[in-house]
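Worksheet for the structure shown next.
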Number of protein chains: 2
Amino acid sequence: MDAAPPDRSPTLDEVALRAGVSRSVASRAINNSGNVSAPKRAAVQRAVRELGYVPNPSARALATNRVGAVVLAVATDVPGIFADAFFAQVIYGISVALERTDFTLTLVLAGRPEGAAKLQQIVRSRRADGIMLMNLHGDDPLARLAEQSAVPVVFGGRPLRTEPRWYVDTDNRGGARLATEHLVEAGYRRIATITGPLSLDVAEARYRGFQDAMAVAGLPAGRVEHADFSEAGGAAAMARLLEEHPDLDAVFAASDNMAAGALRALRAAGRAVPGEVGVIGFDDLPTAQHTDPQLTTVRQPVEALGTEMTRMLLSILDGSRPTPLILPTRLVVRGSTRTLVRH
Amino acid sequence: MDAAPPDRSPTLDEVALRAGVSRSVASRAINNSGNVSAPKRAAVQRAVRELGYVPNPSARALATNRVGAVVLAVATDVPGIFADAFFAQVIYGISVALERTDFTLTLVLAGRPEGAAKLQQIVRSRRADGIMLMNLHGDDPLARLAEQSAVPVVFGGRPLRTEPRWYVDTDNRGGARLATEHLVEAGYRRIATITGPLSLDVAEARYRGFQDAMAVAGLPAGRVEHADFSEAGGAAAMARLLEEHPDLDAVFAASDNMAAGALRALRAAGRAVPGEVGVIGFDDLPTAQHTDPQLTTVRQPVEALGTEMTRMLLSILDGSRPTPLILPTRLVVRGSTRTLVRH
DNA sequence: CTACAAACTGGGAGCGCTTCCAATCATTCC
DNA sequence: GGAATGATTGGAAGCGCTCCCAGTTTGTAG
């Protein structure tokens with residue numbers, strides 16, 4: 001325990017000196033790449049401890065051409081969308097997956113042009129070893145980032161028209177089917193849907209899942225309104241639906257937020273939920289439990305999305321070539337749908 | 001426009017070569033540190049453009065001992081707390097403030113021991129130029145990070161017992177006073193409060209603000225329950241309050257989430273809001289608009305918190321020595337409190 | 001005891017950039 | 001016209017680390 005804290009942190013040379021070995025040996029001992037005899041290794045470890053040595057990441061990065069950082073880029077410009085609990089959960093999942101490694105997480109909000117430029121910059125200057133990219137709209141030029149850059153890109157959710165080499169996605173279509181089937185089983189028949197913006201793959205997939213299930217049930221799938229995944233949008237869409245299809249008896253909203261809006265609109269219109277109209281959402285965000293009645297919904301494993309993206313990226317950096325991953329969804333029945341079939 | 005994209009990005013030397021100048025001049029031109037004649041500067045800029053040159057951050061960091069990254073560390077272990085929209089908004093604010101600089105944002109969840117260790121590591125190895133630290137509990141050893149490290153630390157919110165050198169905080173005490181005064185003015189008299197965990201400065205400050213206002217109004221401030229800022233906690237605390245102080249006619253909950261819980265508990269107990277019992281929250285998160293009735297609350301400028309922390313940190317890195325900043329709050333009246341005084 | 005393979009070791013050359021400094025050039029002022 | 005002044009310039013020394021490679025040591029078999 002030396003009293004005076006050094007104003008400058010010790011370098012590898014100092015460690016080597018103290019351990020009585022050459023810098024090369026010290027380096028090898030620290031990175032435990034072989035070819036170091038046991039006693040010298042021990043001496044180095046001791047010196048490291050005594051000196052409180054921490055390798056300088058910049059120097060290491062310069063020498064190895066790997067920086068020890070991954071970036072999460074979220075292509076959203078609206079604070080509202082990012083502020084959603086969704087991304088917080090993803091980030092949490094990523095952090096957990098990164099905890100045991102010594103990678104660092106860099107966050108880029110790439111929605112606005114400045115952010116996208118920043119992301120480009122990061123990629124081109126190799127400030128990160130890999131990228132996780134989320135929330136791309138159909139026309140987002142960032143979708144091509146993957147091809148342009150030497151750095152591997154893992155997508156969270158698929159971009160609209162292309163199938164990226166690496167991605168983790170939720171089984172949106174299957175989940176939507178689950179939701180719709182649930183409505184059908186509960187005895188609802190005149191089922192409508194509120195979709196997200198169809199420029200988003202998620203939105204399209206969920207819409208397709210709805211159509212799938214309706215077709216299987218032999219029901220018409222024509223009661224449709226589009227919104228933007230937001231609560232306000234959901235409320236407006238619900239109002240439009242009520243106007244055009246006053247006979248509807250259930251609605252599948254492609255997000256909990258929109259479902260919450262729908263709930264609000266239904267109450268305003270004096271329709272009882274779940275008695276007269278059943279409502280089901282998607283996501284199972286905290287919101288779903290704050291509505292009245294609480295939302296029946298489809299749970300997507302958001303945190304797992306983060307962890308799995310990270311795992312995939314790390315394994316790629318590690319040399320393996322994983323295949324895309326689709327995470328399963330699960331129905332969560334709460335109060336906004338009837339649970340028993342009426343005969 | 002060369003056809004073949006280079007497998008390796010160009011270096012400063014190549015730029016210099018192409019521009020017909022020395023590396024030093026190229027460097028100076030690029031960083032526009034003076035002493036470069038106009039023609040050479042132009043030549044360098046042209047070469048940079050033609051080659052698509054981007055400086056290597058690691059090399060630069062190694063040479064300058066500045067890495068171009070700041071970290072946001074959030075000391076929370078519960079996913080639930082981080083998943084709150086609050087942090088997402090802070091992050092958004094930070095990103096916006098960082099957009100125009102070429103700093104990068106590194107995110108560390110430092111609640112669990114692994115995360116804290118990682119933060120230490122980052123600091124000690126100078127992987128970041130500065131730190132923003134949020135959500136410290138009273139006893140968090142990270143509070144001393146500021147003294148230990150050569151890197152400047154800006155606190156978001158104050159730690160409990162110490163006054164850090166640099167911080168940005170919301171005027172929690174003043175905001176709580178605002179909230180309580182509003183209840184008093186609306187004619188409520190038997191006012192209770194649900195505090196957050198008093199090991200958090202925010203919670204304590206809001207509690208004090210409540211006491212302030214009650215004292216000024218000459219009302220007793222003895223109806224108190226403590227919770228954990230969560231909705232469930234708020235509901236439980238409200239239930240306890242109703243049990244112990246059945247005569248209460250209003251409650252100030254120190255967070256919107258707790259207020260939402262309180263609302264739920266009140267409905268369960270059959271008390272009408274705002275008629276029989278007034279409820280006011282704090283934060284003005286999205287939640288506040290999703291409750292029924294919508295929450296009257298105190299708005300704190302969360303995004304601004306992020307921007308201002310960033311601004312402060314950058315100015316410190318720039319050599320200036322700013323003073324702490326307290327952000328103002330503002331009352332937002334919605335449906336959970338009566339608006340007119342009854343006589 | 002010699003020959004040879006295997007296991008270590010440390011010197012040294014970078015990685016790409018900044019920055020000090022001595023040298024060069026252009027100006028300006030008597 | 002020449003010296004003094006200041007603006008430019010480029011050579012070179014690092015920043016701290018990795019890793020190749022030639023040299024040394026150790027061990028083993030013949």
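Note on naming: letters A, B, ... go to the chains in the order of the sequence lines (proteins, then strands), and numbering restarts at 1 for each one. Values below: all heavy atoms of this structure, side chains included; hydrogens, waters and symmetry mates excluded.
- With rounding to whole Å, Asp13(B) atom CG is found 8 Å from dC17(C) atom P.
- Rounded to whole Å, atom C1' of dC8(C) lies 12 Å from atom CZ of Arg41(A).
- Remark: the backbone N or O of Arg66(B) is not paired with any side-chain donor or acceptor of Arg126(B) at under 3.5 angstrom.
- Scanning all heavy atoms of the two residues, the minimum distance from Val15(B) to Ala47(B) falls at O-CB, 3.7 Å.
- At distances below 3.5 Å, at least one donor-acceptor pair connects side-chain atoms of Asp129(A) with backbone N or O atoms of Val67(A).
- Within the 4.0 angstrom heavy-atom criterion, base atoms lie near Ser27(B).
- Ser24(A) comes within 4.0 angstrom of a base, heavy atoms only.
- Going from atom CZ of Arg127(B) over to atom P of dC17(D) covers 13 Å, rounded to whole Å.
- Within residues 55-65 of chain B, the residues having any heavy atom under 4.0 Å from DNA chain D are, by residue number, Leu62(B), Ala63(B).
- Counting to the nearest Å, the P atom of dG10(C) and the CZ atom of Arg23(A) are 12 Å from each other.
- Of the side-chain N and O atoms in Ser37(A), one or more sit less than 4.0 angstrom from OP1 or OP2 of dT9(C).
- In this structure, Leu17(B) atom CG and dG16(C) atom C1' are separated by 15 Å, rounded to whole Å.
- Checking side-chain atoms of Arg28(A) against main-chain N and O of Asn35(A) turns up a donor-acceptor pair under 3.5 Å.
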Just distance, no hydrogens or angles: give the donor-acceptor pairs under 3.5 Å from side chains in residues 305-313 of chain A, sequence neighbours left out.
unit_1: Thr307(A); atom_1: OG1; unit_2: Glu303(A); atom_2: O; d: 2.8
unit_1: Thr307(A); atom_1: OG1; unit_2: Ala304(A); atom_2: O; d: 3.3
unit_1: Thr310(A); atom_1: OG1; unit_2: Gly306(A); atom_2: O; d: 2.7

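- Nucleotides of DNA chain D nearest to Arg28(B) and Arg66(A) differ in position, and the one nearer the 5' end is that of Arg28(B).
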Would you list the protein and nucleotides 23-25 of chain C atom pairs, both N or O, that sit under 3.5 Å from each other?
none

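- Side-chain nitrogen and oxygen atoms of Asn35(A) include none within less than 4.0 Å of the OP1 or OP2 phosphate oxygen of dT9(C).
- Within the 4.5 Å cutoff, the side chain of Tyr167(B) has no heavy atoms near those of the Leu325(B) side chain.
- dC8(C) atom P lies 14 Å from atom CG of Asn32(A), rounded to whole Å.
- Look at CG on Leu12(A): it is 17 Å from P on dG12(C), rounded to the nearest Å.
- Taking CH2 from Trp166(B) and CG from Leu133(B), the interatomic distance works out to 14.0 Å, rounded to the nearest 0.5 Å.
- A salt bridge is defined here as a Lys NZ or Arg NE, NH1 or NH2 lying under 4.0 Å from an Asp or Glu carboxylate O, and Glu50(A) with Arg46(A) meets this definition.
- Taking every heavy atom of both residues into account, Pro55(B) and Arg60(B) meet most closely at CG-NH2, 3.6 Å.
- For the OP1/OP2 pair of dT8(D) and a distance below 4.0 Å, the side-chain nitrogens and oxygens of Lys40(B) include no atom meeting the criterion.
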